[in-house]
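Since the model is a prediction, treat every value here as computed from it, not as a measurement. Letters A, B, ... mirror the listed sequences (proteins, then strands); counts begin at 1.
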Amino acid sequence: MGITIKIPKEFSFKAGYRFLDRSDKECLHRVNEGKVYKLLLIDGELLLIQIEDSGDALTVNCINKKVNNAQTKAIKSYVIEWWDLDYYLKPFYRFCKKDKMLKKLSDDHHGLRMIGFPDLLECLVWAIIGQQINLNFAYIIKRRFVEKYGISIVHQGQSYFHFPDAESVSQLTVEALKELKFSRQKANYTLNVANAILHEGLNKNALKEMGYAEAKATLKNIKGVGDWTADYALMKCIRYPNAIPLGDVGLHNALKAQLKLEAKPSKVVLKQLAEKWAIHSGYVCFYLWSSLLNNN
DNA sequence: AGCCAGGTGTACA
DNA sequence: TGTACACATGGC
């Protein structure tokens, strides 16, 4: 039994699983023995889903409740969006064949889909937390934040958390966030994002419809969202295929390693690369990030 | 000890 | 437009 999701042609569950398994400090999903667990909030109900590979399909089960048809449909759309299953990857792979580094990356991670953020607030807050600090520390702060202000269930002795919504986040204070070791700036940025969503009509659909340039300008209008954060969200949540956080340190490190550069690539070089990658920039970036993982 | 981490806003010239 | 600086903490 369970929900069956047909998988696209270029797809590797293992590659996605490996990406999700990149940190044992992650608190918004769990991976264990080949299965992925995530707590969803659908129409006010907390649904714990379990995703597994069943060869020619993905099998998704809701393991804490019986779900109706509408919920089944919502779960299905969530997983498809989260794992970018509707994206047609073949053009990206065709593009990669022409370039030595991209050829290697696309071979190494064949079938890897860009695991994204269906939730805009979660994406932006995570990006803000991650600004200019090491990832481990970012995960620790996120965990404190989610455990304190998120919602959760316990299932078979395990806690599962869901990110808080814009309304609850907007009611927090800078001081409360500082206790979790947010910097004063980041605490303000976080509140700014929640307020933009709550009071200024910021949402995924609007950002999707206005086109890349306007969407980026709209995001950057929020104090605390700069080039990097805006492009991160446009890439991982709104999914503009050309969006790429060019200033990203991880991206620089990955390029340095892949291209065997003496130093990190310059701004000029980065811009040239992104122009060359064009609409494939997001996937190139995601594959480069994946090349940094050491959890094989 | 000091610099760098999945950056950004602000303060100056 | 461009550059210096603070920011929280942890790892090396």
For DNA chain B, the residues among residues 124-132 of chain A that have a non-hydrogen atom under 4.0 Å from it:
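Correct list: A/Gly130, A/Gln131, A/Gln132.
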Going by number, which of residues 213-223 of chain A have a non-hydrogen atom under 4.0 Å from DNA chain B?
A/Ile222, A/Lys223
Test side-chain hydrogen bond (donor to acceptor under 3.5 Å, both in side chains) on A/Tyr78 and A/Asp119; report intermediate values, then the result.
CA-CA 10 Å; A/Tyr78 186 95; A/Asp119 185 291; over 6 Å; no
Could you tell me which non-hydrogen atom of A/Leu112 sits nearest to which non-hydrogen atom of A/Ser290, and how far apart they are?
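For A/Leu112 and A/Ser290, the tightest heavy-atom pair comes out as CD2-OG, 3.2 Å.
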Are [X] and [Y] joined in one hydrophobic group, where the rule is that I, L, V, M, F, W and Y side chains link up if heavy atoms are under 4.5 Å apart?
X	Y	result
A/Phe163	A/Tyr149	yes
A/Leu85	A/Phe13	yes
A/Ile279	A/Leu207	no
A/Leu40	A/Val36	yes

Closer to the 5' end of DNA chain B via nearest nucleotide, is it A/Lys236 or A/Val225?
A/Lys236
Quick one: on DNA chain C, does A/Lys178 or A/Asn136 contact a more 5' nucleotide (nearest heavy atom)?
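Its nucleotide being nearer the 5' end, the pick is A/Lys178.
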Just how far, in rounded Å, is [atom2] of [N] from [atom1] of [X]?
X	N	atom1	atom2	answer
A/Lys25	C/dT9	NZ	C1'	13 Å
A/Asp227	C/dT1	CG	P	14 Å
A/Leu177	C/dC7	CG	C1'	15 Å

Please measure how far the P atom in B/dG6 lies from the corresponding atom in C/dC5, and state the result in whole Å.
23 Å
Could you work out the separation of C/dA4 and B/dC3 based on their P atoms and round it to a whole Å?
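These two P atoms come out 14 Å apart once rounded.
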I'd like the 5' and 3' limits of the part of DNA chain B contacted by chain A, with heavy-atom contacts below 4.0 Å.
B/dA5 to B/dT10
Does a side-chain heavy-atom distance below 4.5 Å link [X] with [Y]?
X	Y	value
A/Ile140	A/Lys25	yes
A/Asp53	A/Tyr17	no
A/Trp82	A/Lys38	yes

Regarding A/Asp248, tell me which of base, sugar-phosphate or nothing describes its non-hydrogen contacts under 4.0 Å with the strands shown.
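Answer is base: heavy atoms of A/Asp248 come under 4.0 Å of a base.
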Taking the six-membered ring for Trp, is the centroid-to-centroid distance between A/Tyr93 and A/His110 below 6.0 Å?
yes
Verify the neighbour count for atom CG of A/Asn32: are there more than 12 heavy atoms of other residues, nucleotides or ligands below 6.0 Å?
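Yes, because the 6.0 Å sphere around CG of A/Asn32 holds more than 12 heavy atoms from other groups.
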